[in-house]
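These notes are about the structure you will find just below.
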4 protein chains.
Amino acid sequence: MSLSTPDLPSMDTVFAPVRSQTAFEETLERLGTAIKLGLLAPGARLPAERELCTRLGISRSTLRQALTALAQSGHLHAVRGRGGGTFVAERPPPVDPPSRELLASWREACDVRLSVELGIAALAAARARPEELAPLDELVVAMDDLVEDFPAYRQADVRFHIGLAEATHSPRLVAAATEAQGAMTDLISNIAHPAEILEHANAQHARLLSCIRGRDADAAVRIMAEHLRGTEHVLAGLLPGDG
Amino acid sequence: MSLSTPDLPSMDTVFAPVRSQTAFEETLERLGTAIKLGLLAPGARLPAERELCTRLGISRSTLRQALTALAQSGHLHAVRGRGGGTFVAERPPPVDPPSRELLASWREACDVRLSVELGIAALAAARARPEELAPLDELVVAMDDLVEDFPAYRQADVRFHIGLAEATHSPRLVAAATEAQGAMTDLISNIAHPAEILEHANAQHARLLSCIRGRDADAAVRIMAEHLRGTEHVLAGLLPGDG
Amino acid sequence: MSLSTPDLPSMDTVFAPVRSQTAFEETLERLGTAIKLGLLAPGARLPAERELCTRLGISRSTLRQALTALAQSGHLHAVRGRGGGTFVAERPPPVDPPSRELLASWREACDVRLSVELGIAALAAARARPEELAPLDELVVAMDDLVEDFPAYRQADVRFHIGLAEATHSPRLVAAATEAQGAMTDLISNIAHPAEILEHANAQHARLLSCIRGRDADAAVRIMAEHLRGTEHVLAGLLPGDG
Amino acid sequence: MSLSTPDLPSMDTVFAPVRSQTAFEETLERLGTAIKLGLLAPGARLPAERELCTRLGISRSTLRQALTALAQSGHLHAVRGRGGGTFVAERPPPVDPPSRELLASWREACDVRLSVELGIAALAAARARPEELAPLDELVVAMDDLVEDFPAYRQADVRFHIGLAEATHSPRLVAAATEAQGAMTDLISNIAHPAEILEHANAQHARLLSCIRGRDADAAVRIMAEHLRGTEHVLAGLLPGDG
DNA sequence: GTGGTCTAGACCACG
DNA sequence: GTGGTCTAGACCACA
């Protein structure tokens with residue numbers, strides 16, 4: 001082999017299209033994902049615009065563009081006057097169907113999620129503190145009662161995975177996990193999930209926590225991989241092949 | 001625990017600053033990283049501007065902004081006329097020292113890399129084709145002879161890891177791996193690496209390939225985690241604590 | 001002597017290198033000179049980009065190249081939003097030392113200035129209107145109080161000479177005077193100027209105005225020549241010989 | 001008066017249109033002017049293309065563009081083979097009539113010339129060496145015999161003024177004088193010049209040389225100003241007012 | 001309405 | 001056919 005091969009295949013990656021998201025678009029997606037994932041629960045009140053635009057590092061006008069868009073789509077509603085503010089809608093609009101591109105590349109999305117979650121499993125096993133795991137136990141218990149109500153189950157599931165990410169103490173992994181869960185929600189929320197499947201999945205959650213408590217990173221990673229493979233099999237049966 | 005807790009810690013992630021990288025910035029970083037990693041070897045000729053801007057999906061002006069910046073910093077030089085083009089400098093400028101932010105968050109960088117590489121190990125074990133692994137064998141052999149020459153070793157190492165990423169057939173993971181390797185290069189290129197360390201690391205490379213050939217994802221992930229932990233220990237001893 | 005001598009010495013001029021300054025370069029130099037000369041005072045606001053590029057007869061991108069360069073060098077700073085604009089820095093960066101070429105050819109620069117200023121003296125004597133000379137009187141008075149503060153004196157001096165150029169009603173001479181003063185500023189701004197020298201020079205300013213008022217072109221030219229010779233003597237003592 | 005008047009009239013100069021000439025255009029004008037002024041005499045052979053493009057600092061293709069244009073307009077003709085080369089046409093095409101812009105701004109052109117020539121007079125008086133003035137004496141003698149043949153007179157006149165410029169030893173002034181003479185030629189070559197006018201003008205040439213020999217700069221400048229005023233009066237009577 | 005970014009396409013200078 | 005420069009116009013983010 002030659003160390004100076006002039007045209008490595010990875011050039012395709014180096015020269016792949018560059019795309020820049022505008023501040024408006026990213027804000028819209030951030031808030032929208034948080035709402036769809038239930039991180040911002042129905043009825044919750046968003047921070048005041050003046051505070052929010054500071055935290056997001058954008059101007060108020062740009063923030064308002066995003067808030068307006070989310071209000072128009074029914075995710076938010078604004079209340080003026082005393083006690084007013086911007087609130088997450090109590091009755092959220094249905095999750096929109098997966099975009100054409102997402103459908104075309106669902107396997108990519110799963111691969112990215114796999115990568116993120118394996119890292120989370122490994123690092124959580126190394127770093128999680130007991131008080132960070134306790135709420136996850138509660139979520140597992142709660143999910144056991146929700147296997148017949150997929151939307152509710154799914155919301156708890158999201159919190160479980162993001163809670164695990166937080167146990168790594170790595171903000172970037174939390175952000176990546178959030179994004180990955182958002183993509184999955186877009187893919188799976190309109191798919192029927194039999195109770196048995198969910199029970200099985202939740203059993204994996206429990207075993208995962210157990211391994212993490214035992215600081216057994218290898219086992220945690222193994223269970224996580226298995227857990228995710230479950231979702232992939234469901235999708236593989238229902239969605240078109242890789243794009 | 002309440003399912004509607006209004007202020008989860010993950011809100012910090014949702015409301016984290018939005019920073020949209022411009023097309024120019026991303027192009028600059030892409031090409032710059034590829035050069036520093038040796039993916040674009042010294043003396044190599046880039047595609048013509050008119051082709052490159054098409055592949056990158058940007059206008060020629062934007063591309064030229066990036067090329068101009070890289071030429072000024074000494075990474076590229078342009079030649080006009082017949083047989084001309086834009087070439088990677090034969091004598092590249094020294095890798096710039098890690099930025100203050102990178103130093104402050106080196107552990108974050110390692111966490112991200114861990115995540116990416118574990119996913120790669122797992123997926124490569126599932127999907128790699130023999131003809132994709134053969135070049136990696138050769139790289140391992142070559143690296144054995146380069147343990148005394150860190151820059152050369154490192155370049156082969158980069159190609160090994162990116163080659164592995166390519167074996168997953170997931171462009172996003174290739175891109176993520178490239179970016180992660182770039183961040184590591186910024187961190188470690190100015191650090192002394194004893195031959196014994198490199199020999200040990202390369203032995204892990206060999207075992208990794210063996211597991212992947214055997215489709216043993218669990219073992220591959222385990223070895224990869226161990227492999228990366230090696231680098232982290234070196235850095236943990238030399239760099240300031242987490243930022 | 002033959003009228004068809006094939007190789008006159010002036011051929012060196014005819015065949016001297018053609019160097020076309022780009023629109024960007026000329027814009028940079030124009031604005032930079034105006035700032036360094038104080039024609040654009042610290043804190044002053046430039047016309048809006050969209051207007052400026054029209055006046056300069058160039059595209060906005062080209063203008064912005066120049067503005068960006070001047071902002072990076074600290075001469076300008078941009079403010080966005082309502083009431084925004086591009087402003088001359090309040091605390092300007094120090095005048096950069098004369099370039100190697102300028103130093104090597106300072107005598108050339110003085111010759112050009114001599115030529116420009118003699119023409120200005122002659123034409124101002126022929127054409128200046130009283131209301132154009134009045135401000136120059138005031139400048140002379142002001143300069144008398146500034147002989148201990150060279151930077152301030154020099155700024156008034158620049159305005160005096162350019163004001164005189166304007167009294168010729170010849171835009172090309174105004175431009176030439178501005179350019180010549182810019183070259184002189186680069187040469188002399190870092191040189192000590194005793195108060196006596198400045199007093200003497202300012203006395204010449206006064207006599208110059210008097211001659212011009214009297215429409216005595218010959219005397220005006222004579223005084224101007226003497227005035228400029230003063231600077232040259234100072235430079236001749238401090239700078240290396242002709243390049 | 002205020003030292004910080006925000007909007008000086010000189011801003012019009014700072015913000016005046018920027019124009020960049022291409023290398024081709026400047027080459028064309030340089031060679032064209034040299035030919036029209038007789039600096040490159042009819043029948044003279046230009047340096048070889050390979051040498052010329054080096055001296056002009058341009059590529060051969062750009063040079064050829066200019067040469068081709070001048071050949072098409074009849075100013076040059078190329079001869080191939082042994083003893084070949086590019087030659088100035090023996091029977092030059094008539095000087096083209098002044099362009100609309102030149103006509104509109106003839107007074108500006110005169111002002112610039114005045115400026116250049118006054119500086120030349122002053123500096124020549126200070127620096128001219130006898131051997132540089134001798135050829136100018138011969139030109140004056142020759143011109144006395146050419147007052148009936150304006151084209152021939154004019155060619156000698158041009159050489160006189162450019163020769164004087166060379167006596168200043170300032171390349172920039174030689175270039176400026178050449179350019180100014182070129183502009184004047186475009187203006188005046190189609191105007192009738194009575195012998196008496198030329199005799200008077202040539203007498204001024206002689207007195208000018210005398211003053212310069214005597215190192216009397218003031219007188220030289222005075223005579224030069226007077227000399228140029230002669231041309232201006234002629235033009236003022238024949239051309240439209242200032243543009 | 002301000003500065004900041006990007007685009008599509010033209011023409012120039014080069015070898 | 002290469003890199004180098006410039007243009008006209010669009011849209012974005014800001015206050």
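As a basis for the values below, the full set of heavy atoms in this structure was taken, side chains included, without hydrogen atoms, waters or symmetry mates. Chain identifiers are assigned alphabetically (A, B, ...) following the order of the sequence lines, protein sequences preceding nucleic acid strands; residue numbering begins at 1 within each chain.
- Note: CD (Glu49(B)) to C1' (dC12(E)) measures 14 Å, nearest angstrom.
- For Glu49(C), the side-chain hydrogen bond (donor to acceptor under 3.5 Å, both in side chains) test picks out Arg60(C), Arg64(C), with sequence neighbours left out.
- Protein atom CZ of Arg19(C) is 15 Å distant from nucleotide atom P of dA13(E), rounded to whole Å.
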- Taking Watson-Crick and G-U wobble pairs with both distances under 3.5 Å, convert DNA chain F into its dot-bracket string, 5' to 3', dots for unpaired and | for cross-strand pairs. ||||||||||||||.
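- Arg55(B) places no side-chain N or O within donor-acceptor distance of the main-chain N or O of Phe15(A), the cut-off being under 3.5 Å.
- Note that CG of Leu63(B) is 5.0 Å distant from CD1 of Ile58(B), once rounded to the nearest 0.5 Å.
- For the pair Leu52(C) CG and dT7(F) P, the interatomic distance rounds to 13 Å; values are reported in whole Å.
- Glu179(B) CD: 12 or fewer foreign heavy atoms inside a 6.0 Å radius.
- The separation between Glu26(C) atom CD and dT5(F) atom P is 15 Å, rounded to whole Å.
- Within the 4.0 angstrom heavy-atom criterion, no nucleotide atom of any strand lies near Arg64(A).
- Side-chain contact check for Arg45(D) versus Thr86(D): every heavy-atom pair is 4.5 Å or farther apart.
- Atom C1' of nucleotide dT2(E) and atom CD of Glu51(C) are separated by 13 Å, given to the nearest angstrom.
- Remark: Thr54(A) engages no residue in a side-chain hydrogen bond (donor to acceptor under 3.5 Å, both in side chains) (not counting sequence neighbours).
- With sequence neighbours excluded, no residue satisfies side-chain hydrogen bond (donor to acceptor under 3.5 Å, both in side chains) with Ser61(C).
- The salt bridge (Lys or Arg N to Asp or Glu O under 4.0 Å) test applied to Glu29(A) returns no partner, not counting sequence neighbours.
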- Sugar-phosphate atoms are those with a prime plus P, OP1 and OP2; base atoms are the rest. Using that split, label each nucleotide of nucleotides 10-15 of chain F B, S or - for protein heavy atoms under 4.0 Å, 5' to 3'. BBSSBB
